[in-house]
**Q** 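Just passing along the structure, written as structure tokens.
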Protein chains: 2
Amino acid sequence: MLFMRSDSDLTARARIRDAALDLFGREGVNRVSVRAIAAQAGVSPALVLHHFGSKDGLRKACDAYLVEMLRGDGTSPDLDDTSRIGSMIEDATPIRRYLARAFLDESPDAAALFDSMVAGSERWLEQGVAEGWVRPAADPHARAAIYVGWLLTPVVLHAHLARALGEDDLAETGATLRFSGTALEMLTQGVFADERVRSAYEKVRNERS
Amino acid sequence: MLFMRSDSDLTARARIRDAALDLFGREGVNRVSVRAIAAQAGVSPALVLHHFGSKDGLRKACDAYLVEMLRGDGTSPDLDDTSRIGSMIEDATPIRRYLARAFLDESPDAAALFDSMVAGSERWLEQGVAEGWVRPAADPHARAAIYVGWLLTPVVLHAHLARALGEDDLAETGATLRFSGTALEMLTQGVFADERVRSAYEKVRNERS
DNA sequence: CAGCATACTAAACAAACGTTCAGCCTCTGA
DNA sequence: TCAGAGGCTGAACGTTTGTTTAGTATGCTG
């Protein structure tokens, strides 16, 4: 529901950036031409480069805009609670798609965002341990990293998860409830009931080495 | 350790396919030219199209080869246990990278692979419930889908997880042990100790609607 | 009013792209 | 021994690409 406004309200520069974010996220940066972006924004191709210098400059501007949108008002330097990350995930499709590609392309901004989420989640989980609503972990840092990875699953595998769940879009209310309800159940009660899976895994590993 | 052989042993066709898999996975299909693939394979650009018809034909051949590699000998139509998926994840870097991009590009083969993994995991978890080593779930199908998403985290977010853990490569023995040990701990004992996180989440959701 | 920066466009550019084509080897089967 | 097929190459083709350049319109500042 965020990021809603009419296109004609925007400056051409903003329209170009929005078109780029949308198309880059949809197709990947290299499948999208400057001309296609210009067409979607309703301007000439030359204006794109007038404002952003080059196609790569436009990509960097998209990265920066992404970070700006996701960090929000910036009251906290790190993304430090799950519901905040959760709302990021539910948010506008173009941003989610762009973010997924930025992660895969290892853009520096996306990497910084990831690290920031890990740092924030580690603090948040640590606080939970202190207050008793999070279980202690043998390796809290590794757990925070994996936790963030799990949280980002609907970002990077959105289409596949939606298809597997038989839903059109995970952002629909029903699908979101089903998804996060199940994930929270898994995170709260665990998936495996005892140590049998872990010992089986360790046995396989030892056999292989 | 799989997929080891000397390059000169391979037919030109196989060398082209391997080069394409490597470069496509590294850079993305559109950032890689037919000429670059030909150069890495040590052949002329024309031979690439002689064997595969077109660049897209080569991409499809890579998809098919990926599926062939990952399904293994095909004793089971579905990928039905976690250790099998785990070994896929640890396996050769080019394949892992290519798989991540195939997921993002929603290639039909990758989608089928994902669905197959969900189906297999659902059966595997169901068996675990029957035998008592997996906890029952309110929505077993959704749980299987999310479980597969979580298993694939090191595939699609490999570089970020490795960096967050301070490791060069998750496939190194030490890093693998640390990663899977922590993940298994999270899956076995759970992350959240009680229902407080879930109720907090539901409260936030209700407020927003 | 002149002067100047800014927003913007049409047209053109060189480079890189996927692809085609004609032809050269080398092997195989008759 | 000859014909044909398949692996393979060098050179070229037309298209699309990102980018540049020259120029117009507009609106602000002195």
Side-chain angles (χ1 to χ4, degrees), chain A residues 5-66 98 101-102 104-109, chain B residues 5-66 98 101-102 105 107-109:
Chain A
R5 73 236 130 162
S6 112
D7 270 15
S8 53
D9 287 350
L10 297 170
T11 63
R13 197 190 144 94
R15 268 181 2 248
I16 292 168
R17 191 236 300 122
D18 284 0
L21 203 91
D22 179 42
L23 292 173
F24 284 168
R26 231 187 264 275
E27 312 273 351
V29 174
N30 294 270
R31 261 187 286 257
V32 176
S33 66
V34 172
R35 284 165 176 83
I37 296 165
Q40 176 152 331
V43 300
S44 73
L47 189 63
V48 174
L49 296 136
H50 171 71
H51 279 304
F52 296 95
S54 67
K55 189 187 182 183
D56 194 59
L58 176 56
R59 210 219 67 240
K60 282 178 185 147
C62 286
D63 277 17
Y65 181 68
L66 176 84
Y98 186 91
R101 295 210 184 261
L104 210 70
D105 290 340
E106 294 172 41
S107 110
D109 283 322
Chain B
R5 71 235 132 159
S6 112
D7 270 16
S8 53
D9 287 349
L10 297 171
T11 62
R13 195 188 144 94
R15 262 172 17 238
I16 292 168
R17 190 237 299 123
D18 284 1
L21 203 90
D22 179 41
L23 292 173
F24 285 168
R26 232 186 263 276
E27 312 272 351
V29 175
N30 295 269
R31 261 187 287 258
V32 176
S33 66
V34 172
R35 285 165 175 84
I37 296 165
Q40 176 152 331
V43 299
S44 72
L47 189 62
V48 174
L49 296 135
H50 172 70
H51 279 304
F52 296 95
S54 67
K55 189 187 182 183
D56 195 59
L58 176 56
R59 211 220 65 241
K60 282 179 185 147
C62 286
D63 277 17
Y65 181 68
L66 176 84
Y98 186 90
R101 295 209 183 262
D105 290 341
S107 110
D109 283 323

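Atom set for the values below is all heavy atoms of this structure, side chains included, hydrogens, waters and symmetry mates excluded. Each chain gets a letter, A, B and so on, in the order the sequences are listed, and its residues count up from 1.
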**Q** What nitrogen or oxygen pairs link the protein and nucleotides 7-13 of chain C at under 3.5 Å?
**A**
| from | atom 1 | to | atom 2 | distance (Å) |
| --- | --- | --- | --- | --- |
| dC8(C) | OP2 | H51(A) | NE2 | 3.1 |
| dT9(C) | OP2 | S44(A) | N | 2.9 |
| dT9(C) | OP2 | S44(A) | OG | 3.0 |

**Q** First locate atom CZ of R101(B), then atom CG of N30(B), and finally report the distance between them rounded to the nearest 0.5 Å.
**A** 10.0 Å
**Q** Suppose the criterion is salt bridge (charged side-chain N to carboxylate O under 4.0 Å, His left out): which pairs have a residue in residues 31-49 of chain A, not counting sequence neighbours?
**A**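 Pairs touching residues 31-49 of chain A that pass the test: R31(A)-D105(B).
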**Q** Give me, pair by pair, the N or O atoms of the protein and of nucleotides 22-27 of chain C that are less than 3.5 Å apart, along with how far apart they are.
**A**
none

**Q** Over how many whole Å does the gap from I37(B) atom CD1 to dA16(C) atom P extend?
**A**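 I37(B) atom CD1 is separated from dA16(C) atom P by 17 Å.
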**Q** Please give, in whole Å, the distance from dT19(C) P to L58(B) CG?
**A** 10 Å
**Q** Can the positive tip of R59(B) be found less than 6.0 Å from the middle of the six-membered ring of Y98(B), inside 45° of the ring normal?
**A** no
**Q** Can you tell me the distance, in whole Å, between the CG atom of L49(B) and the P atom of dT19(C)?
**A**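 Answer to the nearest Å: 6 Å.
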**Q** Indicate every side-chain donor-acceptor pair of residues 44-51 of chain B with a distance under 3.5 Å to a residue at least two apart or in another chain.
**A**
| from | atom 1 | to | atom 2 | distance (Å) |
| --- | --- | --- | --- | --- |
| S44(B) | OG | L47(B) | N | 3.4 |

**Q** For I37(B), give me all partners under side-chain contact (heavy atoms from CB on, under 4.5 Å), at least two apart in sequence or on another chain.
**A**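 I37(B) satisfies side-chain contact (heavy atoms from CB on, under 4.5 Å) with I16(B), A19(B), A20(B), L23(B), F24(B), V32(B), L58(B) only.
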**Q** Are K60(B) and F52(B) side-chain neighbours, meaning at least one heavy-atom pair lies under 4.5 Å?
**A**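 No. Closest side-chain heavy atoms not under 4.5 Å.
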**Q** Rounded to whole angstroms, how far apart are CD1 on I16(B) and C1' on dG7(D)?
**A**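 So the two atoms are 10 Å apart, to the nearest Å.
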**Q** Using whole Å, what does the distance between atom P of nucleotide dG18(D) and atom CZ of R59(A) come to?
**A** 14 Å
**Q** Can you see which heavy atom on D63(A) is nearest to which on S107(A), and at what distance?
**A**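 Residues D63(A) and S107(A), closest heavy atoms: OD2-OG, 2.9 Å.
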**Q** With sugar-phosphate meaning primed atoms plus P, OP1 and OP2, does V48(A) contact a base, only sugar-phosphate, or nothing at under 4.0 Å between heavy atoms?
**A**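 Nothing: the residue V48(A), judged by heavy atoms under 4.0 Å, touches no strand.
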**Q** Quick one: E27(A) CD to dT16(D) C1', roughly how many Å, whole number?
**A** 16 Å
**Q** Among all residues two or more places apart in sequence or in another chain, which pass the side chain to side chain donor-acceptor pair (under 3.5 Å) test with D22(A)?
**A** R26(A), Q40(A)
**Q** Please report the shortest heavy-atom distance between D109(A) and A64(A), naming the atom on each side.
**A**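 Looks like OD2-N, 4.0 Å.
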**Q** To the nearest angstrom, how far is R31(A) atom CZ from dT16(D) atom P?
**A**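 One finds 18 Å between P of dT16(D) and CZ of R31(A), rounded.
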**Q** Find the distance K55(A):NZ to dA16(C):C1' and express it as a whole number of Å.
**A** 13 Å
